[in-house]
Structure formats: structure tokens, C-alpha cells
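Quick note on labels: first sequence line is chain A, next is B, and so on, each numbered from 1.
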Amino acid sequence: MTKEKIADALEEIATLLELKDENPFKIRAYQNAARSIEAFGASFSDLQNQETLEKIPGVGKAIAAKISELATTGGLKFLDELRAEFPSAILELFSIPGLGAKKIKALYEQLKISSIADLQTACESGQVAKLPGFGETTQTKICNAIANRTKHVGSFQFGEIAAEAEHLRSDLAAHPDASQVSVAGSFRRRKEIVRDLDFIVASKSPEAITEFFCAHPLVESLIARGPTKTSVRLKSGIQCDLRVISNVEYPFALNYFTGSKEHNIVMRNRALHRGWTLNEYRLGPAPTLEKADSPESPAKRRGKTNVEGASVPGRAKILAINDETELYRALGLDFIPPELRENCGEFEAAENGKLPRLIELENLRGTFHCHTTASDGHNSLEEMVAAAQELGLEYIGIADHSRSSVQAHGLDAARLNVQRAQIRKLQSTLSDIHVFSGIECDVLRDGSLDFDDEILAQLDFVVASVHSTFNLSEVDMTKRVIRAISNPFVTMLAHPTGRLLLKREGYAIDIPAVIEAAAETSTWIELNAAPKRLDLDWRWWPLAKSKGVRCVINPDAHRVSRLQDLWFGIGAARKGWLTKEDVTNCLPLVKIQSALKAKRVGHSKR
DNA sequence: GCCGTTTTCGGCCCGACTGTTTTCAGTCG
């Protein structure tokens, strides 16, 4: 039972409670708890321990007991009883945009609709349009949504949509009526999975910006269009929202729509404690007294100015805010980089001047774990090295697959020898880049390595990877990996969970135990920069860092263009609070050469 | 169901847009 499965169960409870028309705040409590659990760096035993669980924000006695029951027994009586009240396929109706609990409940109670197939039939016969609260337009929208649903699944790897987002951003930025443009949301926070794109544009001509946006060649269809907010579907299938606001509102909108939601809640509370209210438009006076007498329309509230609050006695004066830095300063905080805005300790750090200076792409001096045509790469050794030179790297480590990875044309000892000779020969022609000779060595089922120590000893570095037998128990997989990294010739552990985002779950493994072992053996842990992996996940890096484990950011590049994936790795490293001091391939060549020897030397001293 | 600088009760974010209404409920973020 993983924390993801537990979060899914809590979400399902929330959905079923919605269908039952339960107290909306109880529903939100389950949703909050689900998000909290996902963000929580938990080991399996933590999930069984009620006391540990109750310390997680949003998890109280009742939900802790349910999580504990799930983690211990694999099931949950409360959820089973809820499920029994509705047909099981009814949950799939929530995947249709425009359908929420109220409408689904009406469809179920009045037309006995309990699956997408039922819904399609009812739409085609025109029954849906006749229901109160529905109509022809709604019915047509549902029909279209059903037709498109396989295409618009709604989740994307960051790397899948990064180019599209940048394309649209730069086109908007070039528009003469746009004075400030940013992509906000989870994209700006560099989340590994993105569900939509949020564009914030400051402009005096919202109509012109909106028109330009809707007519953009990347736009496939229009979802909604209003004077300040517009939603479209891009050709890749991702939903994309545009907010057009004024220059004065820009920092507030940018901050608000960057999130995360949890981060925003803390920001708003900090404003409230100062007698202010923070929303996507401004920092204004908190409407404490006004609220009691006469509720104001949103439009009227929008019209309020900062100056008004400044004159109220006992309330801190509201300063002029021109950018996000000033907004954070007004709330007594250092500027919090977007990647850290997950309410995972950034406020405490920002309050005390303890935010780390996060790593930047320019800090990387070299990289390891690159493939060539010798195994399953698409470019030759020479091409890969030339590409690294073009990126300005001081060194590159070549690590092709080892012999057990038959499907990837893994190298045996003889071919490895040939490659080492090729690298020596190439190196003799190069002065501005150093090429390290290594191997991505398979970790076999029992934790032994694919090559003997004598062969490994001849290489500059060794990457240990699990590529087979993913179905071991957590205990066995953890033992297997720890045995592998205990070998003094293993420099680093690659993609430690083996996950493929949105495609394959990582294998069961006790990451805290692996981190502990990496610390003891001075093994580096890879942050695999390929956008489909981003493994080890950013959520674990604060723990690894606290144990003194070194991170190495590798592209796992199988072609020259994928060396650029390093940029995605930097985003994930920043989310993991890493600085250039924590990432070993920020070391210049001379220092990385001695760092590569350190583990072997350390071992021989023991 | 959770939470506490209105702390064991009474709040819990709220604004934008759509579609079906005739002043608003539902959905979404």
C-alpha cells in the first residue's frame, strides 16, 4: 500500500460523499488529507502509525484511523460501505468536464444513468436535455466530451508540454498590448506532472490579448471566454487558461495563480494577521467590520483601494507592491522561489532568512550517465561529446548499458574495452572537455553486479541501475539495491525507483533505508533528468540532503538532443531544495576527478 | 472532518464563467 493509493482512497471517499450530498466541509477535509498525504515523505511504517499520521496537517483522529486501517489491512470498511451505495461505474462520470456531483446525482436518480455508456445513450436519445438544470447545449457538450475523452486524459509530463508553453508565452510576450507575461501554476512550480497551463498577462487591452490568444495556431478549441478569463484546449490536448489583468494587479495574480493552493492559504493567513486581505487582485484592508453589516458584491469589493485600509487605526499600513518580492517582504518573508511553494517548510525558512540559494542550470559543470550507439543510444560517442561541448560542459561521463541488458545491446567486457580505447583516442584530440569512461551496470536480482570488480576497477565511474525483476517485495528490493551500492566501485545509484511518470509505478523500495545506505557508503544518488523519470523524486531530497548524500543530475541521454533534459533535472533539484553545493556535478573538473576516487579510497581504508 | 494569534465551537477561499434561469446553481480552479 503506497501513499498514492491511500490518497486515491481518500479522494474516492470525498467523491462518494459528494454524491451523498454530505457536508461540503467534511468532503473538503478528505480532499485536503489526500493532498497532504501525497506531499508527505512517508515510509510504509509511518502510514500504519496513527500518532505519526495525526501530525500531518489536515489529518486528524478519524482520517488517521482510516489510513492506518488501509495501510495495515489493505482495505477500509467505511469505503466499502460507501461504494456499495452506488454502481461502481458511476465514478467515471466525474471525468466528463462540466459534470460534478450535483449533475451526476440528478442523472443517476432521474434517468438511472450510472456509466459513460448509459450517458451517451441518454444524450443521443435527447433525454438529458429534458432534465431540469440541463439543456440542449449541456447535452451537446457532454456528447463532445465523451467523444474526446480518450484524447483529453488531462495529465501531462512536464517535458511533454514545456515547448508548447514556451512557444505560447513568447508569442504573448511579443504582443504589443502585453506588458508582462508569465506562465504560472504548477508549470512555474516545476511540478513533474502538469494538468493545465495558466497564463497571466498584464495589459490595458484585455480584449486584444484574448482575441490573439483564442486565434493562436496552437489552440484547438475554445472552452470558455470572458472579459478577464479564457480557457482553451491546445493541440496537445492540455487545457490552457488565460487571465488578463492590469499592471497593478499583476504581482498578485502571478502569485495567486502560481500557488500551490496550500502555499496560498498560508499567504492569506499571514495577510489576515496583519489586518489585510490578500486575493488575486490586491493586498487590501481585511473586511472585518464591513462584513457584518452589508455583504458586498464581488465587483464592489474589487473596486476598493489600498489607501482605504491604510487609514484604519491599529492596522498596519499597506505598502505599494510592484512585484512578488515586495509582496513577500510585506508579509515578513524573503522571496520564495516558485519551486518551493508547496507549504513544505518554505515559510519558516523565509521568515528566518534560511531559504537556500537554489541550484541553477549554469552551476552544472558536467554530467554523467549518457548513452551512445554502442548500446541503445542514437548518436555516436563523438556526437554526444560534441553536443556536451556545445552546451559548455567541462566533462561528460559515458555510461552505456552492461551485458545483461540484452534488449539495449548491453556491452560485454570485450566491447567495453573497445569503447574505453575509443574514449582514450578521442580524448587525445580534445582539450576543452574531459570524457569519463563508465558503465551503467545492471544490478542483478540478488544485488550483485553485472561485471566483476576487476573490470569495474578499470573504469572512471560506475552507475548502478535496476532494469529487471521489478516485482520483488519491498524488503528484497531494498536489500538488493543496498547490496549493490555497498560495492566500493559503484559511484552512483541511477533512477532509484524505476518509475515512468504516468506510465509505470516505481518498484517497491524503502527509500529512507536506501538514503541511509548511500550516506554510509558515500554513494551518490542520481536525479535522473529525463522528464519521464525525474527520479529520485524531489520530495525525498531534503531527507537525502540532511543525511549528507550527494546528488548527481544526469540526463540519461540516448540522443544528443536529450542532453538538454538537464534543464528538467534542475527544476526538480530546485523543488528538492538543492543548492550547487549539494550537487556533485557542479564541481569543476579537477575536483570531480578526486571526488570520483573518494569512494574507492574510502573503502580501501576500512 | 479538521483546526486554533476570535483555541473545544464555529468557522472552513472565493471569483469567473456557463447555462439555464428570470436571479442563480453548478462547475472549475
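- Scanning all heavy atoms of the two residues, the minimum distance from Phe213(A) to Asp241(A) falls at CZ-C, 4.5 Å.
- Taking the side chain of Lys66(A) as heavy atoms from C-beta on, and the options dG1(B), dG29(B), dA16(B), the nearest nucleotide is dG1(B).
- Taking atom C1' on both nucleotides, dT27(B) is separated from dT20(B) by 14 Å, rounded to a whole Å.
- Look at the C1' atom in both dT5(B) and dG1(B): the space between them is 23 Å, to the nearest Å.
- Using a 4.0 Å heavy-atom cutoff across all strands shown, Tyr256(A) reaches at least one base atom of the nucleic acid.
- For the 3.5 Å distance criterion, the side chains of Arg341(A) and Ser260(A) fail to qualify, holding no donor opposite an acceptor.
- Atom CD1 of Ile200(A) sits about 14.0 Å away from atom CZ of Phe252(A), to the nearest 0.5 Å.
- In this structure, Ala101(A) reaches the sugar-phosphate backbone alone: every heavy-atom distance under 4.0 Å involves primed, P, OP1 or OP2 atoms, never a base.
- Residue Lys229(A) places its side chain closer to dA16(B) than to any other of dT27(B), dA16(B), dG19(B).
- When distances are taken from the side chain of Lys26(A) to each of dC17(B), dG19(B), dG1(B), the shortest belongs to dG1(B).
- Nearest to the side-chain atoms of His273(A) among the listed nucleotides dG19(B), dT6(B), dA16(B) stands dT6(B).
- Nucleic acid contact for Pro24(A): none, since no nucleic acid atom lies under 4.0 Å from a heavy atom of the residue.
- For the atom pair Trp538(A) CH2 and Glu192(A) CD, the distance stands at 6.5 Å (nearest 0.5 Å).
- Residue Phe25(A) has its side chain nearest to dG1(B) when only dG1(B), dA16(B), dG29(B) are considered.
- The pairing partner recorded for dG26(B) is dC17(B), the criterion being a Watson-Crick or G-U wobble arrangement whose two distances lie under 3.5 angstrom.
- Set against dG15(B), dG29(B), dG1(B), the side chain of Asp198(A) has dG29(B) as its closest nucleotide.
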